[in-house]
Protein chains: 2
Amino acid sequence: MNSIKELFINKYGLSTENFDLFYSNITEVSRSKGEEIISKGEIHHSVYFIKKGAVRSYYINADGKEITYWFGFEGDVIASLGNFVESKPSLETIELLEDVVLWKIDRSKLLELYNTNIELANFGRQLAEIGLLEMEQQILLNQVTDAKTRYLSLIEKHPQILNRVKLGQIASYLGITQVTLSRIRAQK
Amino acid sequence: MNSIKELFINKYGLSTENFDLFYSNITEVSRSKGEEIISKGEIHHSVYFIKKGAVRSYYINADGKEITYWFGFEGDVIASLGNFVESKPSLETIELLEDVVLWKIDRSKLLELYNTNIELANFGRQLAEIGLLEMEQQILLNQVTDAKTRYLSLIEKHPQILNRVKLGQIASYLGITQVTLSRIRAQK
DNA sequence: CCTACAATTTAACATATGTAAAAAGAATCC
DNA sequence: GGATTCTTTTTACATATGTTAAATTGTAGG
């Protein structure tokens, strides 16, 4: 049926029963390439799971340039963390790189589930902990390795990324200019 | 009594009753400056909370250099995430920068509490979510701002850090050499 | 197939950062 | 308090990256 369902059940140890409870609060929505699912400066009341498609999260720096700092693909969670954790307006914008299918759930409904169902509370905990581990690895990677290595490891992790994401966005994700990325690509 | 206790109760909404349950599984331990609390390549079975003192987490890169990528102070959690989340040997070493007092709890005991007490499960969830938010902000900061701005924001966030941490470690945390950090410090 | 526009690469130059080594400044120990 | 060791700054030079602009390549629409 659904690869996210399997993911949730196998990776986070959800029982079928509690997956069904979770899923009964989900609305499946389709959105088109180019739309913004979360916008800077706003408060959002939903959390999303990517069923199909690719997204990016970007921040606008002091010079007005868009800095991409996250790519999301199938199975990933989309939320404005500042929104979700501290109820503050979003600093980031999340833009759809392709047509996507999302699972949408109300933030308040999700919190209600967390507070009433211990298995779902631990599902949410593991979701956050796995996110932590991934972010830590990204911080480490950014600090330990140079842009060329990070570029190679990015395309190794997401072989399709070159077809799905523009090089300028990849360059800002790597913390370099597009010119430097071109030089790296020309090397080997 | 204890500032961490207040932190746990106020920030994470723990009831006194469940804080006591949590605390009854804590062992308070003192360790000396220079010791390693978590060592690269090993499996660790404990999670720690810093009651007093400062620590750093570092990784050894391909050239054998220590790259500091996290500083921990009072109230922070110490765990090898790879250990905790995926039961893999630790990639990082966590070293004590000062004499510290820690709250120590067994990983298996903590998981047992999470799986039997819904309030503690949500405490753990929030612990991870707040960590996520902090890591996201660090990733953003690293990507959006230059080393000078990051240095200034680091000493603004932790005014005591210059007295507690060596400049070479701060430089590696900022992703620059100590020479460049000296140049930055000489500027203004 | 041609045109117009968007994305990517290349070039030339200025600037910032790294490297290695020396100098200066602090801290520690007897 | 003097010598030793560790930490930080400074210097000189090589290299890598940023900036701006032009050239090239790729893509979509008629």
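Bear in mind the structure is a predicted one, so any value in this text is a computation, not a measurement. Residue numbering restarts at 1 for every chain, and letters A, B, ... go by the order of the sequence lines.
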Please pick, from [options], the nucleotide with the shortest atom-to-atom distance to any side-chain atom of [X].
| X | options | result |
| --- | --- | --- |
| A:Lys166 | D:dT19, D:dT7, C:dA7 | C:dA7 |
| A:Lys65 | C:dT9, D:dT19, C:dA20 | D:dT19 |
| A:Val179 | C:dT9, D:dT10, D:dT20 | D:dT20 |
| A:Arg183 | D:dG18, D:dT9, C:dT19 | D:dG18 |

Kindly say whether [Y] contributes a backbone atom to a donor-acceptor pair with the side chain of [X] at under 3.5 angstrom?
| X | Y | value |
| --- | --- | --- |
| B:His45 | B:Ile105 | no |
| B:Asn83 | B:Lys88 | yes |
| B:Glu95 | B:Glu36 | no |

What is the separation between atom [atom1] on [X] and atom [atom2] on [N], rounded to the nearest whole Å?
| X | N | atom1 | atom2 | result |
| --- | --- | --- | --- | --- |
| B:Gln178 | C:dA22 | CD | P | 17 Å |
| A:Ile184 | C:dT9 | CD1 | P | 11 Å |
| A:Lys148 | D:dT15 | NZ | P | 17 Å |
| B:Asp146 | D:dT17 | CG | P | 17 Å |
| A:Leu162 | C:dA7 | CG | P | 16 Å |
| B:Asn163 | C:dA26 | CG | P | 14 Å |
| A:Asn61 | D:dG18 | CG | C1' | 14 Å |
| B:Gln169 | D:dT8 | CD | P | 9 Å |

Please compare B:Leu181 and A:Ile176 by the position of their nearest nucleotide in DNA chain D and report the one closer to 5'.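 The residue closer to the strand's 5' end, by nearest nucleotide, is B:Leu181.
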Does NZ or CZ of B:Arg107 fall inside the cone over B:Phe84's six-membered ring, less than 6.0 Å from its centre and within 45° of the axis?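 Judged by the rule, B:Arg107 and B:Phe84 form a cation-pi pair.
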Looking at [X], does any N or O in its side chain come under 4.0 Å of the phosphate oxygens OP1/OP2 on [N]?
| X | N | value |
| --- | --- | --- |
| A:Arg185 | C:dT8 | no |
| B:Thr177 | C:dG18 | yes |
| B:Thr180 | C:dG18 | yes |

Can you label the angle between the A:Phe71 ring and the A:Tyr173 ring as parallel, tilted or perpendicular, going by 30° and 60°?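 Ring orientation of A:Phe71 relative to A:Tyr173: tilted.
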